[in-house]
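Let me begin by presenting the structure, written as C-alpha cells, before commenting on it.
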Amino acid sequence: MTNDTLTSSESQIPKHIAIIMDGNGRWAEQRFLPRALGHQAGVKAVRKIVEHCAKQQVQVLTLFAFSSENWRRPKEEVSLLMGLFLATLQNEINILDKNNIRLRFIGDRSAFSQPLQDKMTEGERQTQSNTALTIVIAVNYGGHWDIAQAMQTILTKIQSGELVNPIIDDRLIAAHLSTHDLPEPDLFIRTGGEQRISNFLLWQLAYTELYFTPTLWPDFDAKALDDAITSFKGRQRRFGHTGEQIKNNSVKL
Ligand code: IPE
Ligand code: IPE
Ligand code: MG
C-alpha cells in the first residue's frame, strides 16, 4: 500500500474511495417509515454509486456495510440486515460480473450464516478476474479487528518458521491487513452528518482526505459523489512535505 507519486490531488480522480454509508435509519424515521425501508433505500443508493464510480474510472470502492459493533443493534434489525445482505448478493453478483466489476469482502466472516458465507465466496470467485472497478464490502469489519488479525497472522508465521526474527515495521503490518493488496484510500466519505471514523479503516486512513456530509446515505447520489470528488481535487496532499515541495513536483515517494 504505497502512493507511487507525490502530487497534488488536483484534477485527479481518487483511485480508491472508502465510504461509511450512514443515515439509513434517520432517512426512514424522517418519513415515518420503519428502519427496514431505510436500509432498502440504502441498497438502491449503493447501486447508483457503484455505477457512477465505474463510469468515473475509480479503481476501488470500499463500502462499510456492517461494523463489528453493529451486532449491538436490536436482533430484529441485525437479522433484517443479514437477510438484505444475502438477497442483495443473490440479485447483484451476475450484474456486477457482466459489468466487469470485481467483488471482495473484508471483515470477520466466520460470524455469518453458512449460506451467507457461501454466497460471499461465490461472489469473490465469480468476479475475481474482472478488471474494471473493485468493490470491497466491509462486513463484520472493525479497524481494531483488522490490526489484531494482522498481528495474529504475523505471530503464526513466526511460530511456523515462515518469518524469522522479523522487524515489526509499518510495511510488515500493512502487508498483513485485509487490504494488503489494495491502494490506500485517497478519499474517505461519511454520509449522515456524524464526524467520526466508527472503527472503519483505522490504519489505512492515515493520509486519506476526509469528507463529511450531512446527506443521508439513501439520498447520496451521483451529484453528491461528484461534489465529494470536486472537494478532493481542490486539496493539496502533502504527506509531511511542504506545500512548496509539492508544487515544484520535486519529491517522489
Ligand atoms: C447505516 O445506517 C447502515 C448500517 C449501519 C448498517 P444507520 O442504520 O446507522 O442509520 P442511522 O445512523 O440510524 O440513521
Ligand atoms: C458505521 O455506522 C457503520 C456502518 C455504516 C456500517 P454506525 O451508524 O454504526 O456508527 P455509529 O455507531 O453512529 O458511530
Ligand atoms: Mg448510523
Side-chain angles (χ1 to χ4, degrees), residues 16-50 53 60-92 103-113 116-117 119-120 123 135-149 177-179 182 185 187-205 208 210-221 224-225 228:
H16 182 173
I17 300 179
I19 308 183
I20 298 186
M21 310 181 288
D22 197 19
N24 293 348
R26 279 163 287 164
W27 183 92
E29 280 155 24
Q30 282 175 3
R31 289 163 178 73
F32 306 102
L33 296 169
R35 290 176 64 87
L37 292 189
H39 294 309
Q40 279 176 19
V43 173
K44 284 192 190 151
V46 170
R47 256 184 231 122
K48 282 192 206 140
I49 292 306
V50 165
C53 281
V60 183
L61 172 66
T62 300
L63 299 171
F64 204 6
F66 192 86
S67 77
S68 41
E69 288 71 36
N70 286 144
W71 298 106
R72 296 172 183 162
R73 294 190 175 203
K75 66 175 189 327
E76 299 73 29
E77 180 160 343
V78 169
S79 64
L80 179 129
L81 285 167
M82 293 300 144
L84 189 59
F85 185 31
L86 183 58
T88 305
L89 292 181
Q90 279 161 346
N91 291 336
E92 304 293 329
L103 181 62
R104 293 182 43 173
F105 300 94
I106 54 171
D108 179 4
R109 55 181 90 182
S110 66
F112 295 131
S113 71
L116 190 45
Q117 290 191 43
K119 207 71 203 168
M120 289 163 75
I135 309 177
V136 182
I137 312 278
V139 273
N140 193 18
Y141 179 88
H144 288 170
W145 166 84
D146 204 354
I147 296 167
Q149 70 74 31
L177 293 171
S178 59
T179 52
L182 300 169
L187 173 62
F188 160 96
I189 299 170
R190 182 175 187 141
T191 63
E194 313 298 348
Q195 302 196 5
R196 55 178 173 253
I197 305 294
S198 299
N199 199 15
F200 194 26
L201 303 160
L202 298 179
W203 176 284
Q204 296 87 337
L205 292 175
T208 303
L210 306 181
Y211 181 87
F212 297 94
T213 169
T215 303
L216 302 172
W217 175 251
D219 293 327
F220 193 81
D221 56 9
L225 179 59

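All values derive from a computational prediction rather than experimental measurement. For ligands, and for the atoms within them, numbers begin at 1 and follow the listed sequence. Positions are given from 1 along the sequence.
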Exercise. State, with a plain yes or no, whether a side-chain heavy atom of D146 is found less than 4.5 Å away from one of L202.
Key: no
Quiz item: Is there side-chain contact between I147 and L177, with heavy atoms separated by less than 4.5 Å?
Solution: yes
Quiz item: Is it the side chain, the backbone, both or neither of R72 that has a heavy atom closer than 4.0 Å to ligand 2?
Solution: neither
Quiz item: Is R190 touching ligand 2 with its side chain, its backbone, both, or neither, if touching means heavy atoms under 4.0 Å apart?
Solution: side chain
Within ligand 1, which atoms have a heavy atom of [X] less than 4.0 Å away?
X: R73; result: 5 (C), 7 (P), 8 (O), 9 (O)
X: M21; result: 1 (C), 2 (O), 3 (C)
X: R26; result: 11 (P), 12 (O), 14 (O)
X: H39; result: 3 (C), 8 (O)

Quiz prompt | Heavy-atom protein neighbour under 4.0 angstrom from atom 2 (O) of ligand 2 | solution = yes
Quiz item: Taking only residues at least two apart or on different chains, which pairs with a member in residues 77-91 satisfy salt bridge (Lys or Arg N to Asp or Glu O under 4.0 Å)?
Solution: R35-E77, R73-E77
Quiz item: For atom 10 (O) of ligand 1, what is the nearest protein heavy atom, given as residue, atom name and distance?
Solution: G25 N, 2.9 Å
Quiz item: Closest non-hydrogen protein atom to atom 14 (O) of ligand 2, residue and atom name please, with distance?
Solution: S198 OG, 2.6 Å
Quiz item: Is the closest heavy atom of R35 to ligand 1 under 4.0 Å?
Solution: yes
Exercise. Please state whether G23 comes within less than 4.0 angstrom of ligand 1, counting heavy atoms only.
Key: yes
Any idea which heavy atoms bring [X] and [Y] closest together, and the distance?
X: D22; Y: E194; answer: OD2-CG, 3.7 Å
X: L225; Y: C53; answer: CD2-SG, 3.7 Å
X: F112; Y: M120; answer: CD1-SD, 4.0 Å
X: I189; Y: I17; answer: CD1-CG2, 3.9 Å
X: P185; Y: L201; answer: CG-CD1, 4.0 Å
X: M21; Y: F64; answer: CE-O, 3.3 Å

Taking [X] for its side chain and [Y] for its backbone only, find out whether a donor-acceptor pair lies under 3.5 Å.
X: R31; Y: W27; value: yes
X: N140; Y: R109; value: no
X: D221; Y: K48; value: no

Quiz item: Under 30°, 30 to 60°, or over 60°: which ring-plane class applies to F220 and W217, parallel, tilted or perpendicular?
Solution: parallel
Exercise. Mind telling me whether F200 and Y141 have parallel, tilted or perpendicular rings, with 30° and 60° as the class edges?
Key: perpendicular
Contacting atoms of ligand 2, where contact means under 4.0 angstrom from a heavy atom of [X]:
X: F66; value: 6 (C)
X: I20; value: 1 (C), 5 (C)
X: R196; value: 11 (P), 13 (O), 14 (O)
X: D22; value: 2 (O), 8 (O)

Exercise. Give, for atom CG of L210 and atom CZ of R190, the distance between the pair rounded to the nearest 0.5 Å.
Key: 11.5 Å
Quiz item: Hey, does E194 sit under 4.0 Å from ligand 2 if you only count heavy atoms?
Solution: no
For ligand 1, is any non-hydrogen atom under 4.0 Å from [X]'s backbone (N, CA, C, O), its side chain (CB onward), both, or neither?
X: Q30; value: neither
X: A65; value: backbone
X: N70; value: side chain

Quiz item: Does the N or O separation between L81 and ligand 1 drop below 3.5 Å for any pair?
Solution: no
Quiz prompt | Side-chain H-bond candidate by donor/acceptor type, D108 with Q149, under 3.5 Å | solution = no
Self-check item: Residue-atom pairs from the protein, N, O or S only, that lie under 2.8 Å from the Mg ion (ligand 3)
Solution: D22 OD1
